[in-house]
Each structure stands twice: as C-alpha cells, then as structure tokens.
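Naming convention: chains lettered A, B, ... in sequence-line order (proteins, then strands); numbering from 1 in each chain.
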Protein chains: 2
Amino acid sequence: MLSFFTVDCLIFTFHEGKLKVLLNERNEYPYRDWWAMPGYFVDKQEEMEEAVNRIAYEHTGLKNIYLEQLAAMAGLKRHPEGRILTVAYMALVRYDDVKNKVKPVTNYMRQAKWFDVSDVPELAFDHNDILKLGLKKLKRNLNYSTAPFELLPEKFTLTQLQQIYEAILGEMLDKRNFRKRMNNLGYLKELEEFQTGVSYRAARLYKLDKRKFLKLFT
Amino acid sequence: MLSFFTVDCLIFTFHEGKLKVLLNERNEYPYRDWWAMPGYFVDKQEEMEEAVNRIAYEHTGLKNIYLEQLAAMAGLKRHPEGRILTVAYMALVRYDDVKNKVKPVTNYMRQAKWFDVSDVPELAFDHNDILKLGLKKLKRNLNYSTAPFELLPEKFTLTQLQQIYEAILGEMLDKRNFRKRMNNLGYLKELEEFQTGVSYRAARLYKLDKRKFLKLFT
DNA sequence: ATATAATGTGTATTTTTTACACTATTAAAT
DNA sequence: ATTTAATAGTGTAAAAAATACACATTATAT
C-alpha cells in the first residue's frame with residue numbers, strides 16, 4: 001500500500017531582464033554531477049504540496065510561494081533502480097525576496113545555481129521535458145494567470161511588467177501597444193508613487209488589483 | 001522503492017448534443033455504491049499510459065484514443081487506508097465508435113453509465129474536483145487543440161462542430177459568426193460530400209486538415 | 001548648462017468580433 | 001402536385017481590439 005514518490009520543482013524567477021530557473025548539481029547516484037531540478041522524496045506523512053514548499057524553502061528561504069502542478073512522470077525507465085514516480089511543480093518567486101542566493105551543500109547536492117532558461121544544459125532524468133512543459137504552460141496561461149506578478153515586487157513599473165511578458169513569450173513587444181493593453185485589462189491599479197534610486201526619470205508604480213483579477217477569472 | 005499507484009480516466013464523449021462522461025458504480029470498499037471515474041492500479045511493469053489505455057479499452061473497446069494528463073492527486077486523506085496516489089487523465093472518444101455501450105460487471109465495479117457532464121452526482125474520492133479540472137482544461141485549450149475533432153467522426157458538419165463548442169464552452173454561439181470563424185482557422189477542409197440519411201436538406205461535410213493544424217500549433 | 005538614460009504619450013489603419021433575419025433545400029406527409 | 005417540417009446556408013454594418021510607428025519629457029549626474 002505504501003508509495004514512495006518524489007516531487008520536483010522548477011523554481012523560476014526574473015532577474016536582469018531574464019527568466020531564470022534554479023538548478024542543483026547532483027552529488028548522488030544516478031546522474032551524479034548532472035544538473036537537475038530541485039526535488040526529493042515526499043515523506044510518508046507529508047502532503048505533496050508541503051514537500052514542494054519544503055524543497056522550495058530550502059532553496060530560497062521563502063514560504064507560501066506561488067505553485068502550479070505541471071505533470072506526473074512515471075516512466076519505468078526514468079530511474080535505473082526502477083520506476084520512481086515524480087510529480088513536477090513550478091514555483092514563481094521574486095528574485096529580491098530570495099534569501100539564500102546559493103544553497104548550502106548537502107550530501108545529495110553540491111550547489112544550486114540560477115540558469116537563464118534559454119541556456120540550460122542537458123539535465124538529469126526527464127527534467128528537460130519538464131522544463132519545456134513549464135515554459136509552455138507559463139506562456140499559454142500568461143493572460144489568465146497572476147504569474148507575471150508573482151515574479152515582480154508588489155509595486156512595479158510597466159517596463160518591468162513588459163520585460164516579463166517578453167521573457168515569457170520570447171518576443172519583443174511594442175511599448176505603446178503594451179501599455180494600452182495593460183491599462184485596458186481592468187485589474188492594474190495605477191499608484192501615485194514612483195520608482196526611487198534611479199539616475200533617470202522615475203517610472204510610475206502599479207500594482208495588481210487581486211479582487212478585480214479574481215472577478216474576471218472565476 | 002516500490003510504488004503502488006492508480007490511474008483514473010475521465011472518458012468524455014459527445015452524444016445527442018451533450019457532453020458526456022463515463023462513470024462506474026463501485027462495488028468495493030471504499031465508496032462502495034458511489035459513482036467514480038474508471039480507474040485502477042498500474043501494474044508494476046506497466047507504463048502509466050498503457051494502464052490508462054487498458055482501462056479505457058475495457059470500457060469502450062477502443063485503442064489508441066486521445067489522452068491528456070490532468071493531474072496527480074496524492075492527498076493523505078483521499079483513501080481511508082492511507083495515501084494512494086492517482087494520476088488522472090482525460091480521454092476523448094467518438095460515441096459511434098464505442099463498442100461496449102455498457103461495461104460488463106466485474107468484482108470491483110457494478111456498471112458503467114454515461115452521464116451528462118452537467119448532471120453528475122457526488123462522486124467517490126476527489127473525482128468531482130478532477131472532473132472540474134478536466135472541463136476547465138477542455139475549455140481553456142479549445143482553440144489550440146484537436147479536442148473537438150476527437151469527439152466527432154472524421155467527416156462532420158459545421159453544425160455538429162458548433163454543438164461541441166457550445167457544450168464545452170457552456171454557451172450558445174451565433175451560427176453565422178461561428179462558420180465565419182471556422183472557415184478562417186485555415187485547418188478545416190471543405191469536402192464535396194454531404195450528409196446522408198437525413199429527412200431535410202443535407203449539410204456539407206468537413207474534415208480536419210491535421211498537417212495544417214500542426215503547422216499552426218507547433 | 002549639458003549629457004544621459006529611460007519614461008510616457010496619440011493616431012491612423014487593419015483585423016477581429018459582434019449583432020442580426022431571411023431564403024434555400026430536402027424528404028415526408030397529405 | 002402541393003404543403004409541411006426541419007435544418008442548411010448566407011452578408012453586412014458597427015464596434016472593439018490589435019498593430020505600426022516617433023518624439024517630447026523628465027530626473028539625475030557631471
């Protein structure tokens with residue numbers, strides 16, 4: 001009746017204009033020395049989402065992050081010792097919130113590093129497939145999800161938002177048309193506050209009006 | 001290292017203008033006498049998709065059907081004996097192709113029956129949640145997937161296609177606008193054939209041009 | 001004062017979406 | 001032969017959304 005299984009988590013963030021994903025260098029058989037999504041076994045008495053939160057917490061120092069389930073992978077040949085089912089998630093975190101910029105070494109993992117999503121090496125197991133799934137889902141649901149805002153601070157500029165759209169869609173967008181569209185969405189609140197600490201004209205800050213967002217999409 | 005887990009499958013079809021889902025009446029603890037999605041344990045040496053295909057075959061007599069994975073459910077309390085992880089799929093089948101209109105009784109299952117999706121009782125386990133997920137996914141991906149065509153014969157009329165869109169979206173569509181939109185998709189082939197056996201004006205038949213569809217969406 | 005770096009804005013055009021009602025065709029019934 | 005019943009099939013005008021495109025404005029640093 002017992003079930004050993006793992007969860008793996010694509011942790012995405014946005015930094016310096018790029019969409020990044022956090023990967024581990026494995027220190028354990030199989031795929032020792034390969035890069036892989038953070039992941040581990042789910043404890044017997046632990047809910048699956050708790051396990052994902054635990055793993056994400058170990059890597060980022062953050063709790064209660066945004067999570068979406070991507071897929072269950074259960075191929076008989078994905079692990080040399082036999083089938084190990086894994087449930088893959090994706091998490092979205094704000095770069096500035098991340099506490100441990102580099103995850104301390106454990107016995108099964110050497111280091112963690114942010115990779116630009118367009119520059120990811122061949123990964124352990126079926127993790128490249130999972131990454132593709134994650135990026136595809138992010139892209140497909142872009143207009144119906146709060147995902148872009150999970151990658152930004154609570155108050156953000158339209159340029160930051162546009163950069164995230166561009167990173168997720170993989171194409172450049174026209175500034176004026178983008179702003180027009182965003183203002184028509186109906187769930188962005190224009191604040192009377194402005195960026196600080198920049199050596200050029202400070203941009204206006206916006207925030208997501210979650211109530212209005214939910215009204216539109218539920 | 002061993003992993004017992006199940007797969008469950010929402011089998012959808014379209015009949016008499018309604019979207020239908022095939023459900024089993026359980027004859028086994030837990031949830032004896034409740035209706036549930038068809039599902040069962042995955043054999044130790046069996047791929048997960050094989051298992052889904054096997055279950056769908058037992059219920060419909062069909063092989064190589066359209067499948068999409070929906071979610072993994074692993075709540076500690078979903079089964080009274082402890083966690084049983086299940087991976088939920090949805091399948092789409094053509095009603096006219098289904099061989100066994102009623103599934104023979106087995107020791108764990110009393111009968112199978114098509115339910116109108118808008119008239120489904122309270123189901124075993126978390127199966128109502130899974131049904132909601134399935135319907136939501138069907139709706140959200142309607143315009144990027146071959147799903148509507150999986151529910152229709154190879155050659156179909158635009159009215160049939162419109163009925164499927166309406167059933168999935170849960171709203172009525174305007175005939176002229178719908179036809180205009182379908183003709184602009186670029187992947188419907190207008191045939192020089194017409195319906196037969198109807199006692200009124202026979203409608204033109206169409207079919208999906210899969211090559212063109214794939215070009216657009218890959 | 002000047003240079004720098006990014007912000008913020010409008011209009012014309014095209015495309016897409018929406019609203020809306022009647023004639024055409026076929027088979028069956030009389 | 002005519003009528004009835006049932007569904008197929010069609011066009012246009014209006015509104016809304018998407019696109020293409022360039023320059024003046026503002027804040028800071030020197």
Side-chain angles (χ1 to χ4, degrees), chain A residues 14-18 139-144 148 152-153 155-207 212-213 216-217, chain B residues 14-18 139-140 142-144 148 152-153 155-207 212 216-217:
Chain A
F14 184 75
H15 185 52
E16 292 174 341
K18 303 270 190 181
K139 198 165 167 176
R140 175 155 294 181
N141 294 343
L142 185 55
N143 295 312
Y144 322 104
L152 286 172
K155 300 172 182 182
F156 52 83
T157 71
L158 290 183
T159 298
Q160 291 172 320
L161 186 59
Q162 182 175 344
Q163 286 173 338
I164 287 183
Y165 269 73
E166 289 173 342
I168 291 175
L169 294 173
E171 61 179 316
M172 294 294 112
L173 302 173
D174 177 85
K175 183 153 79 160
R176 279 178 290 191
N177 294 338
F178 180 78
R179 283 163 183 248
K180 210 185 309 169
R181 190 149 65 86
M182 290 303 116
N183 282 316
N184 285 338
L185 289 177
Y187 53 79
L188 284 195
K189 211 185 290 177
E190 180 179 299
L191 302 178
E192 291 309 320
E193 290 176 66
F194 295 83
Q195 251 181 333
T196 55
V198 288
S199 73
Y200 44 78
R201 177 175 179 182
R204 182 185 288 277
L205 297 174
Y206 289 76
K207 62 187 227 183
K212 289 194 180 157
F213 180 88
L216 283 169
F217 294 106
Chain B
F14 184 75
H15 185 54
E16 293 175 340
K18 303 271 191 182
K139 198 164 166 175
R140 175 156 293 181
L142 185 55
N143 295 311
Y144 322 104
L152 286 171
K155 300 173 182 181
F156 51 84
T157 70
L158 290 183
T159 298
Q160 291 173 320
L161 186 60
Q162 183 175 344
Q163 286 172 337
I164 285 183
Y165 270 72
E166 289 173 341
I168 291 176
L169 294 173
E171 59 179 318
M172 294 294 112
L173 302 174
D174 176 87
K175 182 153 80 160
R176 279 177 291 188
N177 293 339
F178 180 78
R179 283 162 182 248
K180 208 185 314 168
R181 190 148 66 84
M182 290 302 116
N183 282 318
N184 285 338
L185 290 176
Y187 54 78
L188 283 194
K189 211 184 290 176
E190 180 179 298
L191 302 177
E192 291 308 319
E193 291 175 65
F194 295 82
Q195 254 181 329
T196 54
V198 287
S199 73
Y200 43 78
R201 179 175 177 180
R204 182 185 288 276
L205 296 174
Y206 289 76
K207 64 187 224 185
K212 290 194 180 160
L216 283 170
F217 294 106

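- Looking at heavy-atom distances under 4.0 Å, B/Asn184 makes no contact with the nucleic acid at all.
- The CG atom of B/Asp174 sits 17 Å away from the P atom of D/dA15 (whole-angstrom rounding).
- Across all strands, A/Thr159 comes closer than 4.0 Å only to sugar-phosphate atoms, never to a base (heavy-atom distances).
- Between B/Glu192 and B/Arg204, at least one side-chain nitrogen of the basic residue sits less than 4.0 Å from a carboxylate oxygen of the acidic one, meeting the salt-bridge criterion.
- A distance of 11.5 Å separates CG in B/Leu169 from CD1 in B/Ile164, rounded to the nearest 0.5 Å.
- Rounded to a whole Å, the CZ atom of B/Arg204 is 11 Å from the C1' atom of D/dA8.
- Looking at heavy atoms from C-beta onward, A/Asn143 lies in side-chain contact with A/Tyr165 at the 4.5 angstrom threshold.
- Partners of A/Glu171 under the salt bridge (Lys or Arg N to Asp or Glu O under 4.0 Å) rule, at least two apart in sequence or in another chain, do not exist in this structure.
- In plain terms, the two heavy atoms of A/Tyr144 and A/Phe213 that are nearest each other are O-CZ, 3.5 Å.
- For B/Gln160, the side-chain contact (heavy atoms from CB on, under 4.5 Å) partners are B/Leu152, B/Phe156, B/Thr157, not counting sequence neighbours.
- In this structure B/Lys18 satisfies the salt bridge (Lys or Arg N to Asp or Glu O under 4.0 Å) test together with B/Asp116, sequence neighbours excluded.
- For DNA chain C, the outermost nucleotides in 5' to 3' order that have an atom under 4.0 Å from a heavy atom of chain A are C/dA5 to C/dT11.
- Between the CE atom of A/Met182 and the P atom of D/dA17 there is a distance of 14 Å, rounded to whole Å.
- Between A/Arg181 atom CZ and D/dA16 atom C1' there is a gap of 15 Å when expressed in whole angstrom units.
- Each of A/Phe194 and A/Lys180 was assigned the nucleotide of DNA chain C with the nearest heavy atom; the assignment lying further toward the 5' end belongs to A/Phe194.
- Between the CD atom of B/Gln195 and the C1' atom of D/dG9 there is a distance of 13 Å, rounded to whole Å.
- Here the P atom of nucleotide D/dA15 and the CG atom of B/Asn177 are 15 Å apart, to the nearest Å.
- Taking atom CZ of A/Arg179 as the reference point, atom C1' of D/dA20 lies 17 Å away to the nearest angstrom.
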Just list the side-chain donor-acceptor pairs under 3.5 Å for residues 178-187 of chain A, sequence neighbours left out, or say none.
from	atom 1	to	atom 2	distance (Å)
A/Arg179	NH2	A/Thr159	OG1	3.3
A/Asn183	ND2	A/Arg179	O	3.0
A/Asn184	ND2	A/Lys180	O	3.4

Can you name the atoms? Protein N/O to nucleotides 22-27 of chain D N/O, anything below 3.5 Å, with the distance.
from	atom 1	to	atom 2	distance (Å)
D/dA22	N1	A/Arg176	NH1	3.4
D/dT25	O2	A/Arg201	NH1	2.8

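- Closest of all the heavy-atom pairs between B/Leu161 and B/Pro148 is CD1-CB, 4.0 Å.
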